[in-house]
S.K.: 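Quick one: structure below, then a few questions.
Residue numbers start from 1 in every chain, and the chains themselves are labelled A, B, ... in the order their sequence lines are given, proteins ahead of strands. Small disclaimer: the values here were computed from a predicted structure and weren't measured.
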Amino acid sequence: MDQNDQHSDIHTRNLRVLEALLFAAKEPLGAEDLRPFLSENADIADLLDQLQQRYQHAGINLVRRGEKFAFRTAEDLSYLLRRDDVEQKPLSRAALETLSIIAYHQPVTRSEIEEVRGVATSKGTLDVLMEAGWVRMRGRRRTPGRPVTYGTTLEFLDHFGLEQISDLPGLNELKGAGLLSSNLPPDFSVPKPRDGALTEDEDPLEPDDAGDDLLSELNTAQDPDKN
Amino acid sequence: MDQNDQHSDIHTRNLRVLEALLFAAKEPLGAEDLRPFLSENADIADLLDQLQQRYQHAGINLVRRGEKFAFRTAEDLSYLLRRDDVEQKPLSRAALETLSIIAYHQPVTRSEIEEVRGVATSKGTLDVLMEAGWVRMRGRRRTPGRPVTYGTTLEFLDHFGLEQISDLPGLNELKGAGLLSSNLPPDFSVPKPRDGALTEDEDPLEPDDAGDDLLSELNTAQDPDKN
Amino acid sequence: MCPNMPMQDEEFTQQPEPRHSVMYVDVKGYEGPLDLLLDLARKQKVDLAHISVLSLAEQYLGFIETLKERRIEVAADYLVMAAWLAYLKSRLMVPHDDEDEEPSGEEMAALLQFRLKRLEAMRDAAGKLVSRPRLGREIHHRGDPETIITTKTNQWQATYYDLLRAYVIQREKSFPQDYAVKQRTVWSLSEAEEILERLIGQSLDWAPLHAYLADYLASDEERVTALASSFTASLEMVRQGQIEMRQSSPFSPLMVRRRAAKTPDDN
């Protein structure tokens with residue numbers, strides 16, 4: 001067996017290992033989950049790329065979710081595979097609106113969400129989104145009161161079939177129209193939503209931070225959209 | 001598009017649909033589960049056969065379970081799904097006490113251990129010591145009830161850094177080390193431990209002897225040091 | 001796999017029902033004043049960029065007025081918006097003064113327009129988001145994920161010292177229990193004072209404290225308690241003016257004697 005054959009054997013094996021691991025899992029896996037099972041110095045990005053191409057036209061595709069990868073049924077087979085019986089409790093209008101504001105404006109504080117909606121947000125609304133696993137507390141904004149900042153999760157990307165947060169539908173148009181700034185006036189640099197690491201005006205949450213805001217506590221009293 | 005092309009399109013689609021359905025299924029699927037999603041008159045057996053061949057060398061295989069089919073990790077990669085986790089645990093006090101009595105008083109029966117300890121010894125405690133590989137069943141005492149006799153193993157010596165069991169400190173050494181108080185009753189003695197061949201009042205264990213004692217079974221009911 | 005759209009999608013694919021008369025509108029049906037304004041603006045049937053903010057403000061104020069006339073309770077944030085819109089209206093109708101620090105009517109109108117556009121945009125975005133093929137409905141993950149089987153092996157830890165300790169503790173437990181609790185003599189303060197009182201008597205000569213206690217110091221067990229209690233008692237007696245004490249240097253004998261002039265109230 002010459003050098004090349006040997007190399008190709010290792011390569012084939014790496015691909016099979018990736019296939020097996022990603023196929024067995026329900027949740028997306030990242031490089032750090034996969035690396036321990038591959039040959040030393042394996043180029044994971046390249047291997048994933050090849051696997052992605054191999055499954056490009058199959059009934060299942062290898063999709064990217066943030067920095068992770070997962071096998072999912074092909075999008076164009078949706079109409080055949082649609083299952084309504086597994087429908088979770090539908091989200092209220094308030095919760096959906098809040099979700100889209102968090103997705104497009106993240107990192108965003110509760111009072112910024114309220115500014116966009118023009119109405120107080122009940123704690124219940126955010127709880128529902130966090131329980132669904134789509135929204136998380138990112139940190140605390142370095143402003144007076146140190147309000148909690150919210151953002152979306154990997155599960156959010158996975159659930160709505162987005163590779164990354166910049167794939168949100170209509171994002172560029174909204175940005176272009178200046179509709180993603182949380183504050184006025186509309187002649188300013190428009191921030192891009194980001195779900196990654198903390199920004200320079202965010203502090204990490206303490207491990208035991210329950211996410212209580214002074215403001216939130218006060219607002220809970222009125223709860224206009226509590227359902 | 002001629003007849004052939006059209007046929008091949010339908011065929012490709014059928015294969016993709018099968019792939020997706022089998023991937024998303026919670027359990028193996030049979031022809032009757034798959035038929036409603038395929039083109040009319042599709043040759044399901046042939047399609048499954050082709051799919052099986054396609055995944056033959058992949059990290060996952062399409063396997064047959066009776067009359068049904070499912071994707072499963074390739075046999076040779078199944079080790080990927082098994083992880084070994086070694087947990088370091090401190091020995092409980094009860095186990096440590098029991099072990100020390102076995103070490104000094106071997107060959108010793110369970111009721112003799114209990115006599116020294118003053119409390120009943122749970123089967124679990126002895127199991128832990130045997131799992132640790134430090135204690136073994138030596139034989140059965142030639143007394144009514146034929147109780148099992150316990151002794152220490154080579155691993156025991158190894159773990160505690162002893163060359164031989166007689167290296168365990170005797171009465172004077174224990175006193176000298178300050179472990180035993182100097183104010184001892186005159187008839188107090190520490191046995192000279194031995195772990196060798198069966199003594200004349202021990203019978204060897206039968207190969208299929210599971211080590212059950214009538215006495216042990218009775219004692220299990222109270223289990224004072226079960227943790 | 002039924003073709004019915006689930007509930008939450010309908011909210012976004014269907015426009016709100018056209019409302020023929022504000023009288024039938026329940027304020028509770030709105031998600032706040034901005035939602036109400038957006039609904040009113042949509043009725044102008046023009047792009048939000050071209051709506052007449054002035055007439056929008058008038059419609060809103062009119063609507064709130066109707067509610068109040070019908071004695072329908074209006075939530076505070078609707079009233080705050082009404083006040084702001086009334087102010088906006090007045091600013092729009094008065095020509096802008098350049099010296100004015102306050103935002104002009106046009107600026108305020110632009111701000112309102114922006115907020116309405118932004119809310120509408122977020123609503124549209126939410127609609128687009130939920131109409132995407134979603135995981136668990138149109139897109140599926142592995143239905144029967146192969147779980148990782150973890151084999152746990154315990155590695156037991158114990159030291160040689162632990163082992164010997166455990167043995168010794170077991171064996172010592174079996175020793176005959178002939179230990180008897182010994183009664184310890186402790187001088188109470190009042191006892192010490194009484195004894196001192198008696199010992200010093202009426203002697204006006206200096207004598208070392210421990211000499212007075214000599215009888216008691218004979219017993220080893222009582223040495224410490226006798227010294228401690230009598231010293232403490234002697235301090236109290238000094239305070240009461242019954243005795244005097246002196247010590248020439250640290251750790252030298254402590255001298256005591258009866259104080260010469262007794263205070264009148266002392267017996």
S.K.: Between A:Gly59 and B:Ala20, what is the shortest heavy-atom contact and its length?
M.R.: O-CB, 3.5 Å

S.K.: Measure the CD-CZ distance between B:Glu19 and A:Phe71 for me, rounded to the nearest 0.5 Å.
M.R.: 9.5 Å

S.K.: Does CD belonging to A:Glu206 count more than 12 external heavy atoms closer than 6.0 Å?
M.R.: no

S.K.: Is it true that, when you exclude B:Glu163 itself, more than 12 heavy atoms of the residues, nucleotides or ligands shown sit nearer than 6.0 Å to its CD?
M.R.: no

S.K.: Determine the option with the most heavy-atom pairs under 4.5 angstrom with chain B, choosing from A:Leu22, A:Asn61, A:Val17, A:Leu18.
M.R.: A:Val17

S.K.: Flag yes if more than 12 heavy atoms outside A:Arg64 fall under 6.0 Å of its CZ atom; otherwise flag no.
M.R.: yes

S.K.: Is it true that, when you exclude B:Glu32 itself, more than 12 heavy atoms of the residues, nucleotides or ligands shown sit nearer than 6.0 Å to its CD?
M.R.: yes

S.K.: Between atom OH of B:Tyr55 and atom CZ of A:Phe23, what is the distance when rounded to the nearest 0.5 Å?
M.R.: 5.5 Å

S.K.: Does atom CD of A:Glu67 have more than 12 heavy-atom neighbours, drawn from other residues, nucleotides or ligands, at distances under 6.0 Å?
M.R.: no

S.K.: Only pairs of heavy atoms separated by less than 4.5 Å count here; which of B:Thr73, B:Ile60, B:Leu81 has the most with chain A?
M.R.: B:Ile60

S.K.: Below 4.5 Å from any heavy atom of chain B, which atoms of A:Leu77 appear? Answer side chain, backbone, both or neither.
M.R.: side chain

S.K.: Please state whether the side chain, the backbone, both or neither of B:Arg54 comes within less than 4.5 Å of a heavy atom of chain A.
M.R.: neither

S.K.: Return the minimal non-hydrogen interatomic distance between A:Arg16 and B:Ala74, and the atom names on each side.
M.R.: NH2-CB, 3.5 Å

S.K.: Does atom CD (B:Glu87) have a neighbourhood of more than 12 heavy atoms from anything else shown, all under 6.0 Å?
M.R.: yes

S.K.: How long is the straight-line distance from CG of A:Leu80 back to CG of B:Leu21, given to the nearest 0.5 Å?
M.R.: 7.5 Å

S.K.: Which answer fits B:Asp76, side chain, backbone, both or neither, if we ask what part of it has an atom under 4.5 Å from a heavy atom of chain A?
M.R.: side chain

